[in-house]
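Okay, so here's the structure we're looking at.
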Amino acid sequence: MDSEYLKRCLGICLAKGLAEVVEHRPIDPIEYLAYWIYKYRRNLDEEQERKQERAELEQEREEALKELEMLEKMKEEELTIQQKLAEEQQAQLEQEREDAQLEVERVEKKKAEELSLQQKAEEELEDKSRTLAELTDKYGAPNLTRVEEIDESGQSDAAMNITAESEEENPTDTKVDS
């Protein structure tokens with residue numbers, strides 16, 4: 001049983017240490033073997049620490065890679081969000097331009113209608129002040145600025161005025177003839 005314990009715990013270390021003592025043949029082999037075993041133990045501890053550090057570094061590396069992947073995904077998402085936002089803003093600007101264009105067209109149409117109505121009103125006003133000859137294109141239409149009204153007796157006001165004027169001018173002529 002004791003031999004198994006020594007094999008398990010000191011087997012490799014003791015065998016290597018004794019091989020070193022035989023190879024170097026120091027003056028004090030016991031002290032040499034003791035220092036060699038202490039150094040062996042430090043080397044084992046250092047090797048174990050290096051393995052642990054490598055494992056930690058590998059774990060940190062994997063975490064950093066995962067974090068880098070997450071950052072890349074976040075950047076991609078941010079880019080897609082920015083693109084969508086830019087597209088929405090562009091669509092909104094286009095809609096506003098279209099609305100503004102429609103508003104301009106509506107205002108222009110309204111102004112054109114108002115101008116047309118104004119022109120019609122002016123034409124109607126001009127038509128009312130035109131003479132009958134100006135209104136009609138027929139040859140020989142009378143050029144009257146007003147319409148003469150005829151009395152019940154069949155004489156127009158103008159004819160009656162002319163007759164009255166001529167009687168006033170020549171009152172003596174009519175008496176002499178009679």
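By the neighbour-count criterion of 12 heavy atoms within 6.0 Å, atom CZ of Arg25 is sparsely surrounded, having that number or fewer from other residues, nucleotides or ligands. Within 6.0 Å of the CG atom in Leu44, the count of heavy atoms belonging to other residues, nucleotides or ligands exceeds 12.
Rounded to the nearest 0.5 Å, atoms CG (Leu33) and CD1 (Ile37) are 4.0 Å apart. The CD atom of Glu63 lies 10.5 Å from the CD atom of Glu56; values are rounded to the nearest 0.5 Å. Interatomic distance, Glu96 CD to Gln89 CD, rounded to the nearest 0.5 Å: 10.5 Å. Distance CD/Glu113 to NZ/Lys120: 10.0 Å, rounded to 0.5 Å. To the nearest 0.5 Å, atom CG of residue Leu115 and atom CD of residue Glu122 are 8.5 Å apart.
Considering only heavy atoms from C-beta on, Glu114 stays 4.5 Å or farther from Gln118 through its side chain. When side chains are defined from C-beta on, Ile81 does not count as touching Lys84, because their heavy atoms never get closer than 4.5 Å.
Listed by chain and residue number, nothing satisfies the salt bridge (Lys or Arg N to Asp or Glu O under 4.0 Å) test with Asp99 (two or more places apart in sequence, or in another chain). Among residues two or more places apart in sequence or in another chain, the side chain to side chain contact (heavy atoms under 4.5 Å, CB included) test is passed with Glu69 by none. Every residue two or more places apart in sequence or in another chain that forms a side chain to side chain contact (heavy atoms under 4.5 Å, CB included) with Tyr35 is listed here: Glu31. Here Glu98 pairs with nothing under the salt bridge (Lys or Arg N to Asp or Glu O under 4.0 Å) rule; sequence neighbours left out. Checked against side-chain hydrogen bond (donor to acceptor under 3.5 Å, both in side chains), Tyr40 has no partners two or more places apart in sequence or in another chain. With sequence neighbours excluded, the residues satisfying side chain to side chain contact (heavy atoms under 4.5 Å, CB included) with Lys51 are Glu47, Arg54. Partners of Glu94 according to the side chain to side chain contact (heavy atoms under 4.5 Å, CB included) rule, which considers only residues two or more places apart in sequence or in another chain, are Gln90, Arg97. Listed by chain and residue number, Arg61 satisfy the salt bridge (Lys or Arg N to Asp or Glu O under 4.0 Å) test with Glu58 (two or more places apart in sequence, or in another chain). Partners of Glu103 by side-chain hydrogen bond (donor to acceptor under 3.5 Å, both in side chains), not counting sequence neighbours, listed by chain and number: Arg106.
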Might you work through the side chain to side chain contact (heavy atoms under 4.5 Å, CB included) test for Gln52 and Gln48, ending with a clear yes or no? CA-CA 6 Å; Gln52 187 176 1; Gln48 191 174 10; 5.7 Å; no

Criterion side chain to side chain contact (heavy atoms under 4.5 Å, CB included) on Glu60 and Leu57, from CA distance to verdict: CA-CA 5 Å; Glu60 288 177 4; Leu57 286 174; 4.0 Å; yes

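For residues 11-30, every residue pair satisfying the ring-ring contact (aromatic ring centres under 6.0 Å, His included) rule, not counting sequence neighbours, is listed here: His24-Tyr32. Residue pairs satisfying the salt bridge (Lys or Arg N to Asp or Glu O under 4.0 Å) criterion with at least one member in residues 34-43, sequence neighbours excluded, are listed as follows: Arg41-Asp45.
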Which atom pairs, donor and acceptor, lie under 3.5 Å between side-chain atoms of residues 70-80 and protein residues at least two apart or in another chain?
from  : atom 1 : to    : atom 2 : distance (Å)
Glu78 : OE2    : Gln82 : NE2    : 3.4
Thr80 : OG1    : Glu76 : O      : 3.2
Thr80 : OG1    : Glu77 : O      : 2.6

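Cluster membership check: Leu18 shares its hydrophobic cluster with Tyr5, using side-chain heavy-atom separations under 4.5 Å among Ile, Leu, Val, Met, Phe, Trp and Tyr.
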